[in-house]
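Keep in mind it's a predicted model, so treat the numbers as computed, not measured. Just so you know, ligand 1 is whichever comes first in the structure, and atom 1 is the first atom listed for that ligand.
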Amino acid sequence: MKSKLLHISTIGCQMNVYDANQIAGVLAPLGYTGTDAIETADMVIVNTCTIREKAEQKAFSLLGRLAKIKIANPSLIVAVGGCVAQQEGEAIIKRMPHVDMVFGTHAIFRLPEMVRRIESTRCRIVDVRLSETIDVDDPVTGPLTDGQVSAFVTIMRGCDNYCTYCVVPHVRGRESSRHPDRILEEVRTRVAQGVREVTLLGQNVNSYGNKEGLCSFAELLTRVNTIGGLHRIRFTTSHPKDLSDDLMRTFGRLEKLCNHIHLPVQSGDDGILKRMNRKYTRSAYLEKIAGLRAVSPDIAITSDFIVGFPGETDRQFQATLDLIESVRYDGLFAFMYSDRPSAPSAAFSGKIAEPVKKERLQALLNLQEGITREKHQAMVGRTLRVLVEGPSRGLKPDDPAIAASQIQWSGRSSSNHIIHFAVPEDFLAKKELLTGAFADIMIEGAYAHSLWGRLINGPMNTAQGKGETTIAA
Ligand code: 5AD
Ligand code: SF4
């Protein structure tokens, strides 16, 4: 079979990264192999996101570029997938003559058939059908990239929470959980391929299985924890309202579960939380944080925030800053509110002016930057075990840890901190020896966005305890 080049451009969340991998997986049997070069590809798939206005703009600007590329290469197949495709459907095909195919969030498994039809007849296709359950679309695992040590595994799809600002329930459909046996099978496949860590994905993993009467999420974690050869488990995202005591206790009970939780709060004000339809109060959220810290005192906690939700007053924004001060997050993502066409809050009154949103965003980020800096500083002198992900990317030549005789690496701690460390060139310069191994790193330098350290123990083959040292520095 003739080999054809496929470029997938992924914008947005981890779910999209997972979907892109599945797209690559389902198209491989048709002879498509991945390429980074957009200009020489036979097919380009823009895997879009519509969660915020900016993400959607990015997708349309890439589609604009593709119109020009297609003039130079008329046989190029241009496809649009993901949430923008789901939302806009037919309108994209009508507006953009260079687009051959629009496929929604539930159509990935129908792709081979659609692509075959386009290849043979050059027809144009739109498929944005949504199905009720996820298991009818039997997922396949796509290829891993060279040296990939961690993989995503989707455990559920869609969302039933209907936060008023959010487009997800409208573009990803109803919440539907995969059967635990299928999930375990996929994790085992990844482990057999060499992966050390998995991140279980869902819009709200805490409600996993509830609707279908499958096992609880805590039970699922317990089962995944027994898989031999798997060293670490992460999950995202958690809705605070569904974070049960049982689930909190897994942080003390399951040795493979990483010591980090992403628990988006969005706002620190009860009035705003109510109008966001988040279904918890500030004090209920703080109780969950206290519960987590009671089980695991040094658990890393991160969150998402929206600033400038319609009607947000200065006092309400201040309540968000106060919450950040009291929780002292290890990191956060903050976004300026943007109207999404199908989200109810688009019709709310009291829209906040852009400059005010910008100001609030900056104030929030400044506050967190100070907290992160202090927390990073407190880590200096501590030794953390990292899973080595590979040579550090994107380091600037004047970064403090770069010395001429040393190779730079990076790894991730259980708390999800990225730690750069130096290895003497004559000690271990071969990428394949260190990537995927565990190593103990003593933190020596703390900066606003990164941590630096020295390899003091490793590489080794275990995420737990003291580990068996094969090479000591
Ligand atoms: N405007 C701004 N941010 C949003 N998010 C979701 N919808 C919107 C919106 N309309 C943010 C939330 C969510 C994250 C993935 O994106 O913080 O947790
Ligand atoms: Fe959107 Fe809320 Fe569902 Fe998260 S829980 S995907 S914010 S509706």
Side chains of Arg182 and Ser177: any donor to acceptor distance under 3.5 Å? no
Residue selection (non-hydrogen contact nearest atom 3 (N) of ligand 1) among Arg52, Gln266, Lys54, Glu53: Arg52
Identity and distance of the protein heavy atom lying nearest atom 7 (N) of ligand 1: Tyr165 CD1, 3.3 Å
Given Ala346, Pro264, Ser338, which one has a non-hydrogen atom that is nearest to atom 10 (N) of ligand 1? Ser338
Ligand-residue contact atoms, ligand 1 with Arg340, heavy atoms, under 4.0 Å: 10 (N)
What pair of heavy atoms forms the shortest contact from Glu312 to Ile272, and how long is it? CA-CD1, 3.7 Å
If you look at every heavy atom in Thr105 and Gln86, which pair is closest and at what distance? N-OE1, 2.9 Å
Ligand 1 versus Phe335, non-hydrogen atoms closer than 4.0 Å: side chain, backbone, both, neither? side chain
His376 ring center within less than 6.0 Å of His417 ring center: yes
Quick one: give me the number of protein N/O/S atoms under 2.8 Å from atom 3 (Fe) of ligand 2. 1
Provide, to 0.1 Å, the distance between atom 5 (N) of ligand 1 and the closest protein heavy atom, together with that atom's residue and name. Ile306 CD1, 3.8 Å
Please check whether Asp304 reaches ligand 1 - meaning an N/O of the residue sits under 3.5 Å from an N/O of the ligand, judged on distance alone. yes
Go through ligand 1 atom by atom and flag the ones less than 4.0 Å from a non-hydrogen atom of Tyr337. 1 (N), 2 (C)
Apply side-chain hydrogen bond (donor to acceptor under 3.5 Å, both in side chains) to Tyr208 and list each qualifying residue two or more places apart in sequence or on a separate chain. none
Which ligand 2 atoms are under 4.0 Å away from a heavy-atom of Arg278? 2 (Fe), 7 (S)
Can you sort out which atoms of ligand 1 are near Ile51, meaning under 4.0 Å from one of its heavy atoms? 6 (C), 7 (N), 8 (C), 9 (C), 10 (N), 16 (O)
Protein heavy atom at shortest distance from atom 2 (C) of ligand 1: Met336 O, 3.4 Å
min-distance protein heavy atom vs atom 7 (S) of ligand 2 -> Tyr165 OH, 3.3 Å
For residues Arg340 and Ser345, is any side-chain donor paired with an opposing acceptor at under 3.5 Å? no
Would you name the heavy atoms of Leu361 and Met336 that are closest together and state the gap between them? CD2-CG, 4.0 Å
Roughly how far, to the nearest 0.5 Å, is CG of Leu130 from NE2 of His106? 5.0 Å
Classify the ring geometry between Phe333 and His262 as parallel (under 30°), tilted (30 to 60°) or perpendicular (over 60°). perpendicular
How about Phe305 and Tyr329: are their ring centres within less than 6.0 Å of each other? yes
Aromatic ring proximity, centroids under 6.0 angstrom, His231 and Phe438: yes
With a 3.5 Å cut-off and no angle check, do the side chains of Thr281 and Asp270 form a donor-acceptor pair? no
